Number of protein chains: 2
Amino acid sequence: MTSQPASGPGPGSAIDAVSKAIIEQLQEDGRRSYAAIGKAVGLSEAAVRQRVQKLTDSGVMQIVAVTDPMQLGFSRQAMLGIKADAGLLAVSDEIAAIPQVSYCLVTAGSFDILAEVVCENDDDLMLLVGRIRSIPGVRSTETFMYLSLRKQEYNWGTR
Amino acid sequence: MTSQPASGPGPGSAIDAVSKAIIEQLQEDGRRSYAAIGKAVGLSEAAVRQRVQKLTDSGVMQIVAVTDPMQLGFSRQAMLGIKADAGLLAVSDEIAAIPQVSYCLVTAGSFDILAEVVCENDDDLMLLVGRIRSIPGVRSTETFMYLSLRKQEYNWGTR
DNA sequence: AGTGAAACGACCGTAGA
DNA sequence: TCTACGGTCGTTTCACT
């Protein structure tokens with residue numbers, strides 16, 4: 001049992017090498033034209049468009065703008081390691097519902113939940129941690145302030 | 001400093017409400033046409049295009065395909081909490097250089113470095129952890145296996 | 001599922017307020 | 001920095017394979 005965003009891959013929809021090549025093109029530039037992609041992967045423009053449609057509809061891929069929080073004035077980022085004692089999914093979903101939480105997942109290890117938060121300043125962060133600590137089921141939190149981002153990639157699964 | 005190679009906001013380039021509105025449009029759909037965005041934010045197509053160009057050139061935003069690793073056969077994901085004793089930036093960059101590492105940052109807290117890794121299976125993950133442990137300067141690693149992803153957002157800073 | 005062709009719409013450079 | 005405009009290229013639809 002895992003979380004499926006919108007819809008799973010249909011029975012007869014294998015992701016072959018050509019589709020992976022298309023995804024790679026779009027990971028380099030999400031606005032690259034279907035014609036240019038077609039030239040690169042050896043397919044007609046219409047065929048590329050159909051495949052991209054399927055890939056996005058099935059949730060395998062999405063083409064979106066990704067921003068740098070620092071340059072937008074959100075200079076305090078942190079990962080929170082959270083220990084909880086009951087109803088892990090319910091607790092994690094309550095945390096996920098907080099706007100400043102950009103990333104939230106249930107883990108196996110000495111933390112039960114990891115949550116990444118994006119804040120404008122230290123006050124916001126402090127209030128946010130307090131809010132999360134007060135959620136029923138949360139036993140403790142540990143804050144890992146981001147000092148230096150060294151790598152951030154979105155091309156998972158096509159290397 | 002007067003000129004930056006490829007990143008950093010220029011001196012007179014404030015990110016105003018209109019640019020944020022443009023970013024929001026592209027966070028919903030990275031392929032939305034400049035004309036449609038212009039209609040939504042009250043600007044001409046050419047003006048939207050110029051602003052998008054600046055935003056991407058300065059690194060504030062990038063338009064890319066984001067994939068779901070699970071659906072691409074990469075079913076083992078984990079966050080590694082790493083303790084290191086010297087040359088934190090050098091160590092973190094060495095870790096960041098590993099292909100399976102999708103996210104790597106230096107933190108303040110009981111871990112010095114956090115690294116997210118994406119693997120096809122348990123064997124890959126095991127080898128990877130061994131490799132990271134053998135990097136000079138790495139004292140210890142702790143693995144947090146991903147069990148259930150509850151939230152993953154890319155619209156940082158425009159909420 | 002893929003191709004090809006024609007109508008349409010988007011994109012890009014340039015010029016100008 | 002924005003608007004306006006024309007040439008070019010990309011996208012869309014449809015008939016066909």
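Residue numbers start from 1 in every chain, and the chains themselves are labelled A, B, ... in the order their sequence lines are given, proteins ahead of strands. These numbers come from a predicted model, not from an experiment.
- Glu45(B) pairs by the salt bridge (charged side-chain N to carboxylate O under 4.0 Å, His left out) definition with Arg49(B), not counting sequence neighbours.
- Within the structure, salt bridge (charged side-chain N to carboxylate O under 4.0 Å, His left out) pairs that include any residue of residues 116-129 of chain B comprise Arg76(B)-Asp122(B) (at least two apart or interchain).
- Residue contacts shown for Arg31(B) are limited to sugar-phosphate atoms, with no base heavy atom under 4.0 Å away.
- Applying the salt bridge (charged side-chain N to carboxylate O under 4.0 Å, His left out) test to pairs two or more places apart or on separate chains, those with a residue in residues 86-95 of chain A are Asp93(A)-Arg150(B).
- Between Phe111(A) and Phe144(B), the ring-plane angle classifies as parallel under the 30° and 60° cut-offs.
- Think of Leu127(B) as one node in a network of Ile, Leu, Val, Met, Phe, Trp and Tyr side chains linked at under 4.5 Å; it has no links at all.
- Applying the salt bridge (charged side-chain N to carboxylate O under 4.0 Å, His left out) test to every pair with at least one member in residues 131-140 of chain A, sequence neighbours left out, gives no pairs at all.
- Look at CZ on Arg32(A): it is 18 Å from P on dC9(D), rounded to the nearest Å.
- Judged as a side chain to side chain contact (heavy atoms under 4.5 Å, CB included), and not counting sequence neighbours, Ala90(B) has no contacts.
- Glu28(A) is linked by a salt bridge (charged side-chain N to carboxylate O under 4.0 Å, His left out) to Arg32(A), counting only residues two or more places apart in sequence or in another chain.
- Scored by the ring pair (Phe, Tyr, Trp, His ring centres under 6.0 Å) test, Tyr154(A) finds Tyr154(B) as partners (sequence neighbours excluded).
- Contacts between residues 37-50 of chain A and DNA chain D, defined by a heavy-atom separation below 4.0 Å, involve Glu45(A), Arg49(A), listed by number.
- Direction of the helix axis in the helix from dA1(C)-dT17(D) to dA17(C)-dT1(D) shifts by 40° between the two five-pair termini, rounded to 10°.
- Under the 4.5 angstrom side-chain criterion for Ile, Leu, Val, Met, Phe, Trp and Tyr, Met70(A) has no cluster partners at all.
- Summarising the geometry, the separation between OH on Tyr34(A) and P on dT13(D) is reported as 12 Å, rounded to the nearest angstrom.
- Note: CD1 (Ile15(A)) to P (dA1(C)) measures 14 Å, nearest angstrom.
- Taken residue by residue, residues 21-28 of chain B places no heavy atom nearer than 4.0 Å to DNA chain C.
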